[in-house]
There are 2 protein chains.
Amino acid sequence: MIAFPLTGWIGLGSMGLPMATNLLRAGVPLTLFNRTGSRAEPLQQQGARLTASPRQLAEAVELLMLCVSDAPDVEAVLFGADGAAWGLRPGSLVIDCSTIAPERTRAFAQRLSGRGVDWVDAPVTGGTEAAAAGSLTVLLGGEPGAVARARPLLAVLASNLAHFGLVGAGQQAKAVNQVLVAGSYAAVAEAMALGEGMGLPMEQVITALQTGAAGSWGLGHRGASMLERSFPLGFRLRLHRKDLGIALAEAEARGLDLPISRLVAALEDRLIDQGYGDEDVSALARAVMPPSSGTKSSQP
Amino acid sequence: MIAFPLTGWIGLGSMGLPMATNLLRAGVPLTLFNRTGSRAEPLQQQGARLTASPRQLAEAVELLMLCVSDAPDVEAVLFGADGAAWGLRPGSLVIDCSTIAPERTRAFAQRLSGRGVDWVDAPVTGGTEAAAAGSLTVLLGGEPGAVARARPLLAVLASNLAHFGLVGAGQQAKAVNQVLVAGSYAAVAEAMALGEGMGLPMEQVITALQTGAAGSWGLGHRGASMLERSFPLGFRLRLHRKDLGIALAEAEARGLDLPISRLVAALEDRLIDQGYGDEDVSALARAVMPPSSGTKSSQP
């Protein structure tokens with residue numbers, strides 16, 4: 001059995017909770033902080049310690065893992081009053097599994113670097129299903145030594161660890177991922193809308209087209225559920241929208257225009273306004289499909 | 001060995017030529033008509049007969065296969081002066097591998113039906129690579145009996161025959177395919193532009209993301225070549241644009257708006273204006289990537 005270091009965990013959302021659970025099950029000595037203490041209870045019953053502040057948490061561990069929603073949350077738990085930064089000892093390591101802007105990542109890492117604390121950005125893909133199964137993909141940025149130190153813990157959570165460069169590179173790769181998801185899911189949504197509208201037997205259409213140039217993970221895994229107007233998480237639409245914002249800002253900073261991603265972001269904004277932000281990102285289909293498939297038109 | 005019927009073939013473009021070649025090699029007794037007679041020469045050397053008009057061709061065969069560019073071409077070879085319709089005998093079958101609008105397909109089929117001639121629409125996917133390899137996917141529409149009659153010949157050309165309904169259903173499924181290709185390829189193009197602009201090691205990024213929700217045939221098969229600004233056929237951009245037009249018209253007729261497909265169509269229009277219409281549809285990357293990857297910005 002691997003002797004895992006004393007590890008802290010902050011963030012017990014729909015991704016963080018199953019990830020922390022998997023660490024505990026693998027024998028990682030885990031200390032938690034969570035704003036909503038009740039979220040931590042099942043983990044406490046499995047042996048996790050709970051602390052009263054990020055600072056107290058940081059004082060108790062060698063390695064701190066974060067999985068929160070956005071850069072302001074990362075900033076608050078690290079650098080707020082009683083933030084973890086004030087408790088982390090020199091030589092400790094922060095692994096940030098949140099998805100935030102690369103430049104925010106680099107700024108946080110630099111502030112901690114001044115205190116002798118290393119940083120690895122480790123945003124994940126795979127959604128809640130892969131988080132529960134321990135089969136996430138982790139997109140890594142950081143110094144090779146720091147990444148090597150992070151690997152044993154991340155290997156508990158993931159089936160695929162990919163290291164792309166220095167601090168921020170993991171976040172950059174995540175931005176690329178979200179651009180792919182945007183256009184890919186939107187294509188599936190429009191194709192399902194069209195095929196359904198024409199009255200085609202869509203299960204057979206999906207099977208036939210999936211093996212060719214039209215094939216995608218989204219078609220194979222979300223096409224049928226879109227047709228049923230079912231959008232199980234997965235990954236929240238409003239978080240995908242947030243991530244697309246990061247990608248669009250990175251593009252703009254380099255003089256690149258990404259018109260498809262911009263359009264998907266606008267469609268997602270509208271859906272969030274309509275109250276669908278907490279559905280799976282495949283609810284993008286709501287933007288192009290009529291509400292129900294009950295009124296299929298047959299072939300004219 | 002299967003005893004194939006006397007078969008006519010019209011259309012020796014970048015898809016039709018390898019398809020007709022595969023039929024000849026499989027022992028199909030093939031008679032050809034082609035506007036550009038010289039395109040038929042290699043096939044004549046392999047035993048194909050050449051006729052002087054579609055009508056003469058039709059008089060010589062039980063089964064007529066078409067693989068031309070668009071509905072006006074289908075109309076011309078069938079119903080023009082010396083068109084095939086005037087030579088086809090009752091009981092014969094037309095298999096149309098062209099991609100045309102479903103309503104045009106149904107109109108052509110109905111006109112021939114009045115002369116006792118059956119119709120199967122059989123548009124293909126897989127591009128020139130699959131056409132040469134005999135591994136196309138054929139999307140079929142037609143009466144079950146007519147489709148059954150078409151299968152042995154189509155099985156020579158394809159690894160996958162999928163039948164979706166009556167005449168027109170194959171064309172409808174092809175429209176769905178082209179909507180998927182549109183958004184999917186556009187997503188890959190934008191993702192490659194962004195990742196390259198950020199200076200990421202894109203080969204590793206593609207490998208890491210391909211297995212997750214961002215994965216697609218386009219990412220796996222066209223991402224790397226887009227990064228090299230290389231757009232080998234495949235499938236011509238201007239033909240994809242034509243097919244998208246069919247899909248958008250089908251959507252509009254049903255009150256569906258497909259904003260991503262509309263945007264891709266507009267990007268393709270601009271590329272065609274700029275002279276890129278005969279490149280592979282992956283040249284869609286030209287719309288969002290700077291001309292050369294030579295000036296990679298490193299991570300800021």
Side-chain angles (χ1 to χ4, degrees), chain A residues 103 125-127 137 139 160 162 164-166 168-169 172-173 175-177 179-184 186-188 190-191 193-195 197-198 200-201 204-205 207-209 211-219 221 235 247 250-251 253-254 256-261 263-264 267 288 297 299-300, chain B residues 103 125-127 137 139 160 162 164-166 168-169 172-173 175-177 179-184 186-188 190-191 193-195 197-198 200-201 204-205 207-209 211-219 221 235 247 250-251 253-254 256-261 263-264 267 288 297 299-300:
Chain A
E103 69 266 31
T125 72
T137 291
L139 309 174
N160 187 9
F164 301 111
L166 299 180
Q172 290 181 324
V176 172
N177 186 80
V179 164
L180 286 164
V181 167
S184 183
V188 175
E190 293 195 352
L194 178 60
M198 294 188 299
L200 286 172
Q204 292 164 247
V205 171
T207 301
L209 303 188
T211 54
S216 67
W217 191 97
L219 180 62
H221 291 79
F235 182 70
E250 289 291 311
R254 288 161 179 84
L256 296 169
D257 183 28
L258 308 182
I260 302 294
S261 299
L263 178 51
V264 172
L267 296 174
V288 295
S297 69
Q299 296 176 32
Chain B
E103 69 265 34
T125 72
T137 290
L139 309 175
N160 187 10
F164 301 110
L166 300 180
Q172 290 180 324
V176 172
N177 186 79
V179 164
L180 286 165
V181 167
S184 183
V188 175
E190 293 196 352
L194 178 59
M198 295 189 297
L200 286 173
Q204 292 165 247
V205 171
T207 302
L209 302 188
T211 54
S216 67
W217 191 96
L219 179 62
H221 291 78
F235 182 70
E250 289 292 312
R254 288 162 180 83
L256 297 169
D257 183 29
L258 308 182
I260 302 292
S261 299
L263 178 51
V264 172
L267 295 174
V288 295
S297 69
Q299 297 176 32

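So you know, we letter chains A, B, ... as the sequences are listed, proteins then strands, and number each from 1.
- The candidate from G195(B), G127(B), G212(B) with the greatest count of non-hydrogen atom pairs under 4.5 Å with chain A is G212(B).
- With a 4.5 Å cut-off on non-hydrogen atoms, A182(A) does not touch chain B at all.
- When all heavy atoms are compared, the tightest approach of A169(B) to L200(A) is O-CD2, 3.7 Å.
- At a 4.5 Å heavy-atom cutoff, the contact between S261(B) and chain A is made by backbone and side-chain atoms alike.
- Minimum heavy-atom separation, A193(B) to L256(A): O-CD1, 3.3 Å.
- A donor-acceptor pair under 3.5 Å is absent between the side-chain atoms of E190(B) and the main chain of L180(A), judged by distance alone.
- Scanning both residues, V176(A) and L194(B), for their nearest heavy atoms gives N-CD2, 4.3 Å.
- Minimum heavy-atom separation, N177(B) to A214(A): OD1-CB, 3.2 Å.
- Taking A253(A), A173(A), P259(A) one by one and counting their heavy-atom pairs under 4.5 Å with chain B, the maximum is reached by P259(A).
- Interface check for chain B: of the options A186(A), G126(A), G215(A), the most heavy-atom pairs under 4.5 Å are formed by G215(A).
- With a 4.5 Å cut-off on non-hydrogen atoms, A175(B) touches chain A through its backbone and its side chain both.
- Comparing Q204(B), E103(B), H221(B) by how many heavy-atom pairs each has under 4.5 Å with chain A, the most go to Q204(B).
- Only the side chain of A162(B) comes within less than 4.5 Å of a heavy atom of chain A; its backbone N, CA, C and O stay farther away.
- Residues L139(B) and L209(A) are in side-chain contact: their nearest non-hydrogen atoms beyond the backbone lie under 4.5 Å apart.
- With a 4.5 Å cut-off on non-hydrogen atoms, N160(B) touches chain A through its side chain but not through its backbone.
- Closest non-hydrogen pair, E250(A) versus M198(B), comes out as OE1-SD, 3.6 Å.
- The shortest side-chain heavy-atom distance between I260(B) and L263(A) falls under the 4.5 Å cut-off.
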